[in-house]
Amino acid sequence: MKKKCVAIFDDDEDILFITQYILEDAGWEVRTYTNVDRVVQKVSDARPDVIVMDNWIPLIGGIEATREIKSSDFSNIPVVYFTAN
């Protein structure tokens with residue numbers, strides 16, 4: 001059985017580490033990214049079932065990154081917003 005995959009975009013490496021640890025322990029395949037440069041290409045490479053997106057990730061932020069994803073072939077992937085603020 002194929003593991004479900006989650007792509008996490010957050011510029012805080014401590015948050016990425018903790019979130020990755022928790023989700024992998026729960027059986028998820030986890031891909032982490034510290035920026036949203038070429039976000040559609042990263043999503044294409046990972047093929048996640050869900051995306052966790054930091055709202056304040058540099059340089060363009062989570063909202064604009066999500067717009068790029070939703071205007072691509074990956075518009076069907078759910079995006080969950082996640083921020084420490």
Side-chain angles (χ1 to χ4, degrees):
M1 183 165 117
K2 180 185 177 284
K3 283 186 177 183
K4 293 286 187 174
C5 179
V6 58
I8 306 171
F9 291 87
D10 198 306
D11 59 316
D12 185 318
E13 293 190 24
D14 290 333
I15 290 173
L16 285 178
F17 176 79
I18 292 166
T19 309
Q20 181 175 8
Y21 178 81
I22 291 167
L23 290 172
E24 284 180 343
D25 190 53
W28 287 80
E29 176 184 343
V30 179
R31 304 287 177 97
T32 62
Y33 305 94
T34 58
N35 64 64
V36 289
D37 298 338
R38 301 174 340 146
V39 68
V40 173
Q41 182 61 51
K42 290 174 179 175
V43 170
S44 176
D45 292 345
R47 302 286 178 172
D49 297 288
V50 66
I51 297 167
V52 175
M53 179 70 69
D54 176 17
N55 193 44
W56 299 106
I57 192 165
L59 294 166
I60 62 172
I63 292 172
E64 186 57 38
T66 300
R67 284 184 181 133
E68 288 184 21
I69 294 166
K70 293 302 181 177
S71 66
S72 74
D73 291 340
F74 306 104
S75 62
N76 62 323
I77 299 173
V79 178
V80 177
Y81 278 88
F82 184 76
T83 188
N85 288 343

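Worth saying up front: this structure is predicted, and the values here are computed from it rather than measured. Residues take their numbers from the sequence shown, with the count starting at 1. All values below come from the heavy atoms of this structure, side chains included, with hydrogens, waters and symmetry mates left out.
Other members of the hydrophobic cluster containing F74, listed by chain and number, are F9, Y33, V36, V39, V40, V43, I51, M53, I57, I60, I63, I69, I77, V79, Y81; membership follows side-chain contacts under 4.5 Å among ILVMFWY residues, whether direct or relayed.
Residues passing the side-chain contact (heavy atoms from CB on, under 4.5 Å) test with E13, sequence neighbours excluded: T34. Looking at residues two or more places apart in sequence or on another chain, you find no side-chain hydrogen bond (donor to acceptor under 3.5 Å, both in side chains) involving D49.
Within the structure, ring pair (Phe, Tyr, Trp, His ring centres under 6.0 Å) pairs that include any residue of residues 43-69 do not occur (at least two apart or interchain). Screening residues 66-77 for salt bridge (charged side-chain N to carboxylate O under 4.0 Å, His left out), with sequence neighbours left out, gives E64-R67.
Listed here is the closest heavy atom pair of A7 and P48: N-CB, 3.7 Å.
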Scan the side chains in residues 14-29 for donor-acceptor partners under 3.5 Å anywhere in the protein, sequence neighbours excluded, and list what turns up.
residue, atom, partner, partner atom, Å
T19, OG1, I15, O, 2.7
Q20, NE2, E24, OE2, 3.1
E29, OE2, R31, NE, 3.2
E29, OE2, R31, NH2, 2.9

